[in-house]
Amino acid sequence: MATATGLESLVDQYISVITNDGRNIVGYLKGFDQATNIILDESHERVFSTKEGVQQHVLGLFIIRGDNIGVIGELDEELDASLDLSELRAHPLKPVVH
């Protein structure tokens, strides 16, 4: 039975999640439920700054509530591994305001 979320094809894939509070969390999607709560494994948060490179904070096994998810997208692992995150500069994302 298919669900409305369409996340089935992303299970065990390397994904990026942008949360409503502006966080960027990357990891392997291990599961989800009907409320779009998701479980990420081998995850880390990427913290962007205009002054220094992207910092990565290891989170490990991590659960994100569905009501805090803004965007979910699949990442190309090979392309992602080739990026030099220490050289990237960007403004941090602002939280979603309702």
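We count residues from 1, following the sequence as given.
- Using a 4.5 Å heavy-atom threshold, the side chains of Leu85 and Arg46 count as touching.
- A distance-only check finds no donor-acceptor pair linking the side chain of Asp80 to the backbone of Leu75 [under 3.5 Å].
- In this structure, OH in Tyr14 is found 9.0 Å from CD in Glu42, a value given to the nearest 0.5 Å.
- Within the 4.5 Å cutoff, the side chain of Phe32 has heavy atoms near those of the Val11 side chain.
- Hydrophobic clustering (ILVMFWY, side-chain heavy atoms < 4.5 Å, transitive): Val71 and Leu93 are in one cluster.
- Going from atom CZ of Arg89 over to atom CD of Glu52 covers 7.5 Å, rounded to the nearest 0.5 Å.
- No more than 12 heavy atoms of other residues, nucleotides or ligands lie within 6.0 Å of CZ in Arg65, so this atom counts as exposed by the packing criterion.
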*asked:* Please evaluate residues Asp12 and Tyr28 with respect to the criterion side chain to side chain contact (heavy atoms under 4.5 Å, CB included), reporting the C-alpha separation (whole Å), side-chain torsions for both, the decisive distance (0.1 Å), and the verdict.
replied: CA-CA 6 Å; Asp12 293 323; Tyr28 292 93; over 6 Å; no
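- Contact of the Leu40 side chain with the Ile64 side chain is registered, since non-hydrogen atoms from C-beta on lie closer than 4.5 Å.
- Between the Ser43 side chain and the Leu59 main chain, no donor and acceptor come within less than 3.5 Å of each other.
- Considering NZ of Lys30 and CG of Leu10, their distance stands at 12.5 Å, rounded to 0.5 Å.
- Counting heavy atoms from C-beta outward, Ser16 and Asn24 have side chains that approach closer than 4.5 Å.
- Ile39 and Ile69 sit in two unconnected hydrophobic clusters of ILVMFWY residues. Membership requires side-chain heavy atoms under 4.5 Å apart, directly or through other members.
- Atom CD1 in Ile25 sits 10.0 Å away from atom CD1 in Ile15 (nearest 0.5 Å).
- In the hydrophobic clustering of this structure, Val54 does not group with Val47; members are Ile, Leu, Val, Met, Phe, Trp, Tyr whose side-chain heavy atoms approach within less than 4.5 Å, directly or through other members.
- The shortest side-chain heavy-atom distance between Ile38 and Val17 falls under the 4.5 Å cut-off.
- Atoms NE2 and CZ, on His57 and Arg23 in that order, are 9.5 Å from each other to the nearest 0.5 Å.
- Separating the CG atom in Leu29 from the OG atom in Ser9 is a distance of 9.5 Å, to the nearest 0.5 Å.
- Among residues two or more places apart in sequence or in another chain, the side-chain hydrogen bond (donor to acceptor under 3.5 Å, both in side chains) test is passed with Thr19 by Asp21.
- Closest approach of Asp84 and Ser86 over heavy atoms only: OD1-OG, 2.6 Å.
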